[in-house]
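Down below is the structure, laid out as structure tokens.
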Protein chains: 2
Amino acid sequence: MPKRVDHDQRRRHIAGALLRIAEQRGLQHASMREVAAEAEVSVRLVQYYFHTKDELLLAALGYLGEELGARVARRLENLGSPPPPRDVIHATLTAVLPTDAESVRLTRTYAAFYSLVLAEPQLTRHGAPQPDLLERFLANQLRAAQQTGVAHADLDPDLTASGLLALTNGLGSSVLGGQRDAEAALRVLTYHLDRLFVAEPPAAS
Amino acid sequence: MPKRVDHDQRRRHIAGALLRIAEQRGLQHASMREVAAEAEVSVRLVQYYFHTKDELLLAALGYLGEELGARVARRLENLGSPPPPRDVIHATLTAVLPTDAESVRLTRTYAAFYSLVLAEPQLTRHGAPQPDLLERFLANQLRAAQQTGVAHADLDPDLTASGLLALTNGLGSSVLGGQRDAEAALRVLTYHLDRLFVAEPPAAS
DNA sequence: GCTTTCATGGTACGACCGTACCATCAAGAG
DNA sequence: CTCTTGATGGTACGGTCGTACCATGAAAGC
């Protein structure tokens with residue numbers, strides 16, 4: 001046997017190069033040659049680890065999803081234990097709002113893939129269950145907040161959770177598009193979050 | 001002089017072909033040759049009316065903006081006079097939410113341009129003042145609704161208007177992405193709209 | 001009636017694309 | 001030691017891209 005190589009590491013390295021190009025210059029410039037140059041490997045090697053360009057794109061999108069999930073998880077771990085639902089919701093939403101360098105990078109890269117998967121849905125035939133999952137998570141946090149009395153009781157948790165996620169995505173788009181800066185977006189998000197929770201939470205029992 | 005031709009009409013015809021391709025197959029497939037074929041003209045003619053591809057893209061984006069503005073205006077005209085602010089807001093937001101065939105077409109086409117202008121901002125150096133304008137319009141409608149007592153008085157009109165627009169854009173993205181159908185999006189939007197207005201408006205004075 | 005000029009067609013050029021093909025090197029198996 | 005095989009490099013092929021170039025009708029001005 002010749003030298004064995006960690007395929008997963010190589011694939012992540014190359015896919016990372018594609019994600020960097022996608023974020024900085026858009027997927028239009030993510031050709032096999034450009035990706036190879038960015039990863040500092042030969043084009044042949046890109047072909048070797050990803051037999052076709054579609055496979056490379058799909059894998060890169062998967063890694064990107066992993067990165068975003070890891071960011072959300074990391075931010076949730078940094079909260080106290082048990083974390084107040086309001087902090088959980090705030091941390092989750094600001095994790096996907098382009099406010100710092102990492103979230104700008106992630107959301108910009110996602111945006112680069114957005115119109116591609118719109119135009120070629122066969123790339124991701126396994127329907128992404130991610131967003132639905134996040135919505136359910138947020139709705140459950142809202143329900144918990146209602147039961148402890150910190151969130152208004154008359155809220156519909158499902159509709160509110162859907163709205164919060166859509167609001168955050170819309171704000172993120174406007175930030176990336178330059179129509180608003182991150183602080184303004186955060187102000188809008190915080191304002192709407194404030195309206196869901198009671199001003200004076202009941203004294204701890 | 002030889003036969004004169006209405007340049008504006010020819011440009012709209014060709015740009016319309018590009019917009020059709022962008023909506024149906026994405027801007028990746030909007031090459032000069034494909035646009036010419038879709039418009040049923042020669043490639044030379046596309047070059048003649050748009051000296052470069054960037055000029056074609058930019059003009060098409062402008063025409064698309066015109067179309068969307070016309071749709072919003074048309075829907076606003078169909079309201080009674082004077083139209084209640086709540087109806088104005090609802091009509092404006094549902095105009096940009098992909099609920100019927102026309103709005104799906106418009107938002108899909110916009111989405112196709114989105115990542116392009118993110119990647120190549122020099123395409124639109126004249127910063128689009130459109131969204132800010134729409135936000136101000138919505139904020140003013142909210143203020144009017146507050147003064148007549150149909151909207152809650154403690155709302156911040158600017159932050160609320162920004163939120164409504166971002167919410168609608170986020171909902172639109174999820175509809176186009178297939179994570180939600182149009183009815184579900186409309187349900188979320190209506191729910192949030194309902195929360196802004198008082199349940200029982202004061203009797204007309 | 002010639003000549004200018006707008007509108008249009010066809011095509012060629014250089015660049016880049018994704019991918020297939022043909023090699024070579026090196027390390028473990030026998 | 002040889003042979004198999006995983007990892008890698010280089011390159012060529014067919015295709016499409018945006019654009020430049022060279023044409024040709026046809027209508028209006030003189």
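Note that these values count all heavy atoms, side chains included, but never hydrogens, waters or copies made by symmetry. Every chain is numbered from 1, with letters handed out A, B, ... down the list of sequences.
- Going from atom CD of B:Gln24 over to atom OG1 of B:Thr109 covers 8.5 Å, rounded to the nearest 0.5 Å.
- In this model, the phosphate group of C:dT5 is not approached by any side-chain N or O of B:Arg4 to a distance below 4.0 Å at OP1 or OP2.
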Could you check A:Ser162 against B:Arg187 for side-chain hydrogen bond (donor to acceptor under 3.5 Å, both in side chains), going step by step and ending with a plain yes or no?
CA-CA 10 Å; A:Ser162 298; B:Arg187 209 151 45 228; over 6 Å; no
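- The side chain of A:Tyr48 places an N or O atom within less than 4.0 Å of a non-bridging phosphate oxygen (OP1 or OP2) of D:dA7.
- Heavy atoms from other residues, nucleotides or ligands lying under 6.0 Å from CD of B:Glu40 number 12 at most.
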Where do N or O atoms of nucleotides 17-20 of chain C meet protein N or O atoms at under 3.5 Å, pair by pair?
from   : atom 1 : to      : atom 2 : distance (Å)
C:dC17 : OP1    : A:Ser31 : OG     : 3.0
C:dG18 : OP1    : A:Lys53 : NZ     : 2.6
C:dG18 : OP2    : A:Met32 : N      : 2.8
C:dG18 : N7     : A:Arg33 : NH1    : 2.7
C:dG18 : O6     : A:Arg33 : NH2    : 2.7
C:dT19 : OP1    : A:Thr52 : OG1    : 2.7
C:dT19 : OP2    : A:Lys53 : N      : 2.8
C:dA20 : N7     : A:Gln47 : NE2    : 3.0
C:dA20 : N6     : A:Gln47 : OE1    : 3.0

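- In this structure, CG of B:Leu56 is placed 14 Å from P of D:dC17, rounded to the nearest angstrom.
- Among the nucleotides C:dT8, D:dT8, C:dG9, the one closest to any side-chain atom of B:Val5 is C:dT8.
- Note on A:Arg180 versus B:Glu135: salt bridge recorded, some NZ/NE/NH1/NH2 to OD/OE distance being below 4.0 Å.
- Across all non-hydrogen atoms, the minimal contact from B:Ala111 to A:Tyr114 is CB-CE2, 3.9 Å.
- Between the CD atom of B:Glu55 and the P atom of D:dG18 there is a distance of 15 Å, rounded to whole Å.
- The CG atom of A:Leu45 sits 19 Å away from the P atom of C:dT24 (whole-angstrom rounding).
- At whole-Å resolution of the value, CD in A:Glu40 and C1' in D:dG9 are 16 Å apart.
- Checking the phosphate oxygens (OP1, OP2) of C:dC6, no side-chain nitrogen or oxygen of B:His7 falls inside 4.0 Å.
- With rounding to the nearest 0.5 Å, the separation of OH in A:Tyr48 from CZ in A:Arg11 is 12.0 Å.
- When heavy atoms are screened at a 4.0 angstrom cut-off, A:Tyr49 is found touching the sugar-phosphate backbone but no base atom.
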